[in-house]
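This report refers to the structure that appears directly beneath it.
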Amino acid sequence: MSNFLNNQNWRYATKKFDATKKVSAEDLNTLKEAIRLSSSSYGLQPYKVIIVENPELRAQLQPAAWGQSQIVEASHLFIFANETNVGDDAIDAFLNTISVERETPLEALAGYGDFMKSKISTLEPAIKNTWASKQTYLALGNLLNAAAELKIDVTPMEGFVPAQVNEILGLDKLNLNASLIATVGYRHEDDTTQFYKKVRKSQEDLFITL
């Protein structure tokens, strides 16, 4: 079995973190870079990732996350927040970045920009926001995989009230919406969940070949 698959079998949704163990600055930077390199539609990455270290702020957020202990016990709290009004400005900024990084004239990217705008800017707000929030799941996947390589535990969470998290962090004012939460750190030795056998569908039940 490959090392990647071994790491996937090792990881699980940690229920109890060891609050005395902290992710090093070097490993944290690796996780941030893994998220930065995530795939996304058009490469736009229509989201921000808020890393909450402040214990007082995390204590405020805990009730909004159904009181889950991981919010305050984990080394770091990652909140993936999708942009709520992705439009022409975001696309133009992305094109400027492409132009600089690839040393390509903006004029040569005009057709691609018009195509993106025709597909994104014209969407109804609710549909656009759903699309943007889906991009955060791609970034979460990179975080999960990179953390497993480093033997760092991550618990992805949808169990929270986005409106409350938005209010506490002032995300509405930034045109952001909390889409996903991930607690990052190290499992506590008392977390019995780590010893459970991983249960997934078999390949026969999961895959359909046509």
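Worth saying up front: this structure is predicted, and the values here are computed from it rather than measured. Index from 1, following the sequence.
His188 and Gln194 make their closest contact through O-NE2, 3.0 Å (heavy atoms, listed as atom of the first residue, atom of the second, distance). Shortest non-hydrogen contact noted between Lys117 and Asp92 is NZ-OD1, 2.8 Å. In terms of heavy atoms, Leu143 sits closest to Val154 at CD2-CG1, 4.2 Å. Contact between Ile168 and Ala64 at its shortest, heavy atoms only, is CD1-CB, 4.4 Å. Scanning both residues, Ala65 and Phe160, for their nearest heavy atoms gives CA-CB, 3.7 Å. Taking each heavy atom of Phe195 and Glu189 in turn, the nearest pair found is CE1-O, 4.4 Å.
For Thr130 (side chain) and Ala126 (main-chain N/O), a donor-acceptor pair under 3.5 Å exists by modelled atom type. Here the side chain of Asn7 pairs a donor or acceptor atom with the backbone of Asn3 at under 3.5 angstrom. Side-chain atoms of Thr97 come within 3.5 Å of backbone N or O of Ala93 as a donor-acceptor pair. Formation of a donor-acceptor pair under 3.5 Å by the Ser99 side chain with backbone atoms of Thr104 is found in this model. Judged by distance alone, the side chain of Ser75 and the main-chain N or O of Val23 form a donor-acceptor pair under 3.5 Å.
Taking a cutoff of 4.0 Å between a charged side-chain nitrogen and a carboxylate oxygen, Asp153 and Arg187 qualify as a salt bridge. In this structure, Lys48 does not pair ionically with Glu83, as no charged nitrogen and carboxylate oxygen lie closer than 4.0 Å.
Inter-residue side-chain proximity for Leu169 and Leu57 is flagged as met; some heavy-atom pair is nearer than 4.5 Å. With a 4.5 Å cut-off on side-chain heavy atoms, Thr14 and Tyr186 do not count as touching. You'll find the side chain of Glu53 reaches within 4.5 Å of the side chain of His76, heavy atoms only. Residues Thr193 and Lys16 have side chains not in contact (no heavy-atom distance under 4.5 Å, counting atoms from C-beta outward). In this structure, Asp18 and Glu73 have side chains that are not in contact, with every pair of non-hydrogen atoms separated by 4.5 Å or more. The shortest side-chain heavy-atom distance between Val184 and Ile51 does not fall under the 4.5 Å cut-off. In this structure the side chain of Val86 never reaches within 4.5 angstrom of the side chain of Asn129, judged on heavy atoms. Side chains of Phe94 and Met116 form a contact here, defined as non-hydrogen atoms less than 4.5 Å apart.
The side-chain hydrogen bond (donor to acceptor under 3.5 Å, both in side chains) analysis of residues 32-44, with sequence neighbours excluded, yields the pairs Glu33-Arg36, Ser38-Asn142, Ser41-Trp131, Ser41-Gln135.
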side-chain contact (heavy atoms from CB on, under 4.5 Å) for Ile181 and Ile71? Distances and angles first, verdict last. CA-CA 9 Å; Ile181 287 178; Ile71 297 294; 4.1 Å; yes

Donor-acceptor list for residues 170-179 side chains, cut-off 3.5 Å, not counting sequence neighbours:
unit_1, atom_1, unit_2, atom_2, d
Asn177, OD1, Asn166, ND2, 2.9
Asn177, ND2, Asn82, OD1, 3.3
Ser179, OG, Thr136, OG1, 3.1

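Shown here is Lys151, whose NZ atom has more than 12 heavy atoms of other residues, nucleotides or ligands within 6.0 Å.
For the residue pair Glu158/Tyr137, the side-chain donor-acceptor check at 3.5 Å is satisfied.
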